Amino acid sequence: MRPQELKMLWYKYWLETRGGFVLAMAVLITTAAAGVLYFPAAVRGGMHDLALHHHANAAARGFAIYVREEVFEKLALLWAMLSVMLGTGGLLKEKLLGTAPFLLSLPVGRRQAIAVRCGVSMMQCGCLALGAYGAVPAAALLVGQSYGLGLALRYAGILLAAGVAFVVYGILISTAMEGTAWPAIIGATTVFLLLIVPEAVKGIVRLAPLAVLAGESYSHGGVMPWAGMAISSVAAAAMLGLALWVVKWQDF
Amino acid sequence: MNQFAIQTHALTKSYGRAEAVRSLNLEVPDGSICGFLGKNGAGKSTTIKMLLGICWPTSGAGTVLGASIRDARASLEARRRIGFVSEDKRLYHYMSVGQMICFTRSFYPRWRDALEQQLLRQFQLPLERKTGQLSKGMRTKLALLLALCRGADLLILDEPTEGLDPVAVEEVLQLLARAAADGATIFFSSHQIAEVEQIADRVAIIDDGRMLLQESLDDLKERYRRIQLLFDREAPWKPLDVRGIAAARAEGPAVSLLASGNIDEIVAAARSLDPVSLEVAQVNLKEIFLECVRRN
Amino acid sequence: MTIVLLFFKPNPSAPAPIYLQLMNQVKHAVEVGALKSGDQLPGIRNLAESLVVNPNTVAKAYRELEHEGVIDLRHGAGAFVKSRSAAGGKVLAAMPLVTGLVDRLKSRGLSEDEIRRLFEAALIQQEETARRR
């Protein structure tokens with residue numbers, strides 16, 4: 001594939017997904033800001049808030065811990081769900097919309113198309129993680145706190161590395177499932193369950209995926225969640241391979 | 001160089017139990033304009049999709065510009081030299097006409113800029129308008145522009161005049177004539193027998209997934225005859241057992257035969273019935289098509 | 001002189017193949033003297049585009065016309081009407097014969113349409129007979 005072909009294919013997928021991307025970015029940044037701006041209220045008398053019940057002395061535990069446990073965990077959950085949704089909408093959706101024959105009549109391989117689509121998706125999800133976590137230090141200034149940008153971005157890196165499987169999961173679903181909205185809905189729902197159920201039964205499951213995404217181990221002594229990141233990468237590679245294999249034999 | 005731009009052998013496509021295309025042997029010689037005729041759902045679009053590697057054949061084989069349609073890599077290379085208009089002419093609704101052209105052009109080093117400019121003017125396509133807001137006719141015109149400007153050796157067009165007014169249809173046929181004069185091979189499907197008759201030098205008729213006939217249009221017209229017999233009494237009609245009778249109908253004192261060749265023997269056999277009048281007339285493609293499809 | 005206007009649009013839905021219709025147009029123009037020896041016919045591409053017909057069909061018509069000795073195809077230069085062939089003269093000479101026959105048929109009360117059909121039927125019948133041999 002020649003560079004300008006690659007560029008245009010990239011451009012096409014960017015145009016196709018930019019609406020969803022901007023929306024997802026807005027949701028994440030709003031959530032990040034809202035979470036941080038809620039900090040003073042949580043300190044003043046967050047006792048009324050059921051969500052804060054299990055750590056009654058939020059102020060005492062410090063802003064940094066509040067951010068990781070309350071803000072990053074919510075952002076990680078949202079990010080994972082939005083990433084899956086952003087990843088859906090491949091060739092099967094184009095088949096439904098009637099544009100697949102046009103694309104496939106170009107000298108573009110199906111696997112190339114999927115690979116570029118996946119690349120665009122990863123790039124967007126990376127930006128989402130950076131944007132959402134990067135909003136935290138900015139919002140912290142508004143409530144008279146400070147949070148290091150470098151630290152926030154390190155957590156974003158963990159999220160991205162440990163969550164790459166979710167991005168590819170979206171690609172895989174939309175390769176296997178026809179529809180415009182259903183793949184996204186089902187993808188987001190399964191991710192939500194996958195992350196929330198172990199959280200609810202914490203203690204039984206030692207390695208809760210949401211805690212891994214939100215960098216729990218890193219906050220406890222700076223340990224990178226290598227195992228989680230490795231599992232995610234392997235799963236991502238496997239799912240991408242499966243998607244490429246499936247798409248090879250499909251009819252459009 | 002291959003003698004045929006498109007050649008398939010026993011090409012078959014089934015969806016579950018339903019066979020959309022049955023053992024199709026299609027031949028489109030280099031440099032010809034071949035019209036692909038058939039009713040709705042006869043298998044035209046499925047055939048075209050298999051030629052382009054958009055669908056996989058269930059069985060059978062085929063080559064397009066010398067590349068096997070089962071070989072994904074070879075097929076991709078061949079597509080660099082193929083212009084295509086799909087059945088529903090849908091394009092990226094979020095791209096403007098200009099973006100759509102820019103996108104498509106990047107895949108074709110032989111893109112014809114002068115033709116692009118000419119067609120933009122001729123079709124009065126608004127560069128800034130999103131393709132999702134174009135009328136069906138405009139979308140068809142844009143799809144044609146995107147196919148013709150590729151500088152392709154082979155044009156595969158699925159109903160390229162659908163939704164166009166008669167003036168635009170004539171313009172499109174003229175563009176096809178010009179592309180053919182430039183050496184392109186053209187394979188196009190259509191419901192409009194008249195336009196196939198006007199521009200094609202070859203026809204392929206498909207019905208229910210089967211190829212009913214394919215040959216040069218001139219040969220077809222020279223081969224087929226309608227034979228009309230009149231009697232001074234109730235037509236003494238019994239089926240003539242002569243090769244070449246494609247269809248026969250009797251009504252009162254009249255008998256009408258459609259012959260696909262072997263005219264002399266049929267005429268001789270008909271004379272033996274002692275008619276008061278026997279006329280042999282030429283037929284046009286529409287009659288041949290209708291008769292073929294009816295018989296199938 | 002290459003006048004495309006000499007040609008009128010063939011009728012694609014007519015039973016006669018388009019190349020035959022084109023050939024007849026050229027022959028007619030030669031017979032009535034509109035095309036003279038050495039006149040150039042329009043180029044294949046040009047004619048195909050203006051009549052909106054297949055260039056292969058025009059090429060076939062020209063090839064057949066050359067075969068019948070009506071025109072000369074000079075490679076690269078184009079198609080030219082041949083030095084007045086015997087054919088044109090023959091046709092003009094036969095005109096009185098046909099006129100006479102038409103007059104006689106009319107006097108029998110046949111309409112022009114009927115006469116035209118009779119001629120066509122007779123020609124087709126001969127064509128079929130010739131084919132049988």
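Fair warning: this is a prediction, and the values are worked out from it, not measured in the lab. Convention: sequence-line order gives letters A, B, ...; per-chain numbering from 1. These numbers come from the heavy atoms of this one structure, side chains and all, not from hydrogens, waters or symmetry mates.
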So which of [options] has the largest heavy-atom pair count under 4.5 angstrom toward chain A?
options: B/P109, B/A78, B/A143; result: B/P109
options: B/F84, B/Y92, B/Y108; result: B/Y92
options: B/I82, B/T104, B/L52; result: B/T104
options: B/M95, B/R150, B/R90; result: B/R90
options: B/E87, B/H93, B/M50, B/Q99; result: B/Q99

Does any heavy atom of chain A fall under 4.5 Å from the side chain of [X], the backbone, both, or neither of them?
X: B/R73; result: neither
X: B/Y15; result: side chain
X: B/K13; result: side chain
X: B/I48; result: neither

Validation row: [X], [Y] side chains within 4.5 angstrom (heavy atoms):
X: A/V36; Y: A/Y147; result: no
X: A/E5; Y: A/V108; result: no
X: B/I101; Y: B/L146; result: yes

If I measure from the heavy atoms of chain B, does A/E94 come under 4.5 Å with its side chain, its backbone, both, or neither? side chain

Region of A/Y11 that comes under 4.5 Å of a non-hydrogen atom in chain B: side chain

Derivation of the salt bridge (Lys or Arg N to Asp or Glu O under 4.0 Å) call for B/D113 and B/R105: CA-CA 9 Å; B/D113 293 300; B/R105 179 171 42 197; 3.5 Å; yes

For A/F72 and A/Y155, I'd like to know if the aromatic rings sit close, meaning centre-to-centre distance below 6.0 Å. yes

Distance (rounded to the nearest 0.5 Å) between A/R111 CZ and A/C118 SG: 13.5 Å

Heavy atoms only: give me the nearest A/L86-A/F21 pair and the separation to one decimal. CD2-N, 3.6 Å

Nearest non-hydrogen partners of A/G109 and B/L76, listed with the distance: N-CD1, 3.2 Å

